[in-house]
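Quick notes on the structure that follows.
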Amino acid sequence: MKLIDGNQIAQTIIAELKAEVFAIDGRKPCIALVRVGDDPASISYVRKKEKTSAEIGITSRVILPPVTISQDELFALIDQLNADPEVDGILVQSPLPGHIDEVAVFRRVSPEKDVDGFNTINLGKVAQEDPTGFVACTPAGIMEMLARSGVDLKGRHVVVLGRSLIVGKPVALLALQKKAGANGTVTICHSQTANLPEITRQADVLIAAIGRAEFVTADMVKPGAVVIDVGINRVPDATKKTGYRLTGDVAFASVAPLCSQITPVPGGVGPMTVAMLMSNTVKAWRLSQKK
């Protein structure tokens, strides 16, 4: 069994981006990070994105509207950023407060600045295999991680556990694409799938993104499979100072010995998501230079 080290792969990508940004004469790429309210996880995620931007040489603008901001006011803020020629990428950190329609916010971000890859246009470009679009960062990170770990999906059965717009649907589309590293045969499973273990046991590559702690057990995995664990769940643990431990959607201790390759949690898919956000921001800058 080989551990796929997301931290190491992400650091390689960050080093590549750093070299590219260093070579830019004039204005460097710029990302606007919008965080509404004070959700502790969101504070941590935005801080990490700000720190990684600085490491690469990308300018970051952190914008902190109050949790009371109305949807129309948030739209007006996004419109300002869309119109600002100094801003290449816009990320609105989720989750948003309950009174704001998250999907409507994602649609409001200009497709050319949608470095999160959630705008309808960019999701459509993934389906049409149009490389000018932006791929959502976690699915893009999974594909990059597989490629850099020597996993070619051609002719292999890829089972995606989860159907979210953020991970499940886009990663299934990417694995299906007619291009090097992809060409997989894809099955999407979810909470209503019958005979789930029977299907997951057929997977050469299993991507678990169902959001349930240690849901994937050893009886659900074929020996020799590659397992990508997208989940990040807090499980109560009295032995920890925080009172919890982080675990994925895969029961790592029992599943890992069966696998040819597997990602850990933490230190697997998470760091890749941030690296691909930075990659999308540099790509947005690059595309803006062609206008």
Side-chain angles (χ1 to χ4, degrees), residues 4 6 9-10 13 41-42 45 48-49 91-96 102-103 105-107 109 114-120 122-127 133-149 151 153 157-177 181-182 184 186-193 196 199-200 203 205-216 220 225-234 246-250 252 255 261-280:
I4 299 176
I9 298 170
I13 293 166
S42 293
Y45 291 146
K48 171 73 176 162
K49 288 161 186 172
L91 174 133
V92 182
Q93 183 65 46
S94 62
L96 288 167
E102 214 162 82
V103 175
V105 169
F106 295 153
R107 286 183 182 148
V109 175
D114 170 40
V115 288
D116 230 1
F118 295 151
N119 183 288
T120 309
N122 283 318
L123 281 164
K125 284 186 173 186
V126 172
F134 295 102
V135 179
C137 303
T138 301
I142 292 166
M143 295 301 289
E144 194 67 31
M145 188 178 246
L146 288 167
R148 291 181 188 237
S149 301
V151 181
L153 300 182
H157 190 181
V158 180
V159 175
V160 179
L161 196 48
R163 53 178 165 180
S164 73
L165 275 175
I166 292 172
V167 183
K169 285 174 185 167
V171 83
L173 286 168
L174 291 169
L176 271 175
Q177 285 187 341
V186 181
T187 302
I188 302 178
C189 299
H190 45 79
S191 58
Q192 305 303 306
T193 301
L196 184 61
I199 298 167
T200 57
V205 178
L206 178 62
I207 300 170
I210 204 162
R212 289 166 67 179
E214 301 184 341
F215 178 82
V216 176
M220 296 171 72
V226 175
V227 173
I228 304 292
D229 188 350
V230 184
I232 186 146
N233 310 284
R234 289 183 176 190
L246 292 178
T247 185
D249 290 353
V250 175
F252 186 88
V255 171
Q261 298 194 59
I262 187 170
T263 59
V265 174
V269 174
M272 294 298 296
T273 300
V274 178
M276 298 319 290
L277 174 69
M278 299 301 140
S279 178
N280 277 350

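Quick note: numbers below take in every heavy atom, side chains included, and nothing from hydrogens, waters or symmetry partners. Owing to the predicted nature of the structure, the values given are computational and were not obtained by experimental measurement.
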What's the spacing between [X] [atom1] and [Y] [atom2] if we round to 0.5 Å?
X	Y	atom1	atom2	result
Leu174	Ile207	CG	CD1	9.0 Å
Ile188	Leu161	CD1	CG	11.0 Å
Phe106	Leu91	CZ	CG	8.5 Å
Ile262	Ser149	CD1	OG	12.5 Å
Ile232	Leu246	CD1	CG	5.0 Å
Leu277	Tyr45	CG	OH	13.5 Å

Least distance between heavy atoms, [X] atom then [Y] atom:
X	Y	answer
Asn280	Cys137	ND2-SG, 4.0 Å
Ala175	Val186	CB-CG2, 3.8 Å
Ala203	Val159	CB-CG2, 3.5 Å
Leu123	Phe118	CD1-O, 3.8 Å
Asn233	Ala213	ND2-CA, 3.4 Å
Gly184	Val158	CA-CG2, 4.4 Å

Is it the case that the side chain of [X] and the backbone of [Y] share a donor-acceptor pair, with hydrogens and angles ignored and the cut-off at 3.5 Å?
X	Y	result
Asp249	Val230	no
Asp114	Asn119	yes
Thr193	Leu196	no
Thr200	Met220	yes

- Task: Using the side chain to side chain donor-acceptor pair (under 3.5 Å) rule, collect all pairs that involve residues 135-146, keeping only residues at least two apart or in two chains.
- Result: Thr138-Thr273, Glu144-Arg148

- Task: Give a yes or no on this: more than 12 heavy atoms of other residues, nucleotides or ligands lie within 6.0 Å of atom NZ of Lys48.
- Result: no

- Do other residues, nucleotides or ligands put more than 12 heavy atoms under 6.0 Å from Phe252 CZ? yes

Does any part of the side chain of [Y], heavy atoms only, come nearer than 4.5 Å to the side chain of [X], both counted from C-beta?
X	Y	value
Gln261	Met145	no
Met143	Leu153	yes
Val269	Ile142	yes
Asp229	Val216	no
Glu214	Val250	no
Val135	Pro170	no
Glu102	Val105	no
Val92	Asp116	no

- Task: Applying side-chain contact (heavy atoms from CB on, under 4.5 Å), run through Ile4 and Ile228 and close with a yes or a no.
- Result: CA-CA 9 Å; Ile4 299 176; Ile228 304 292; 4.0 Å; yes

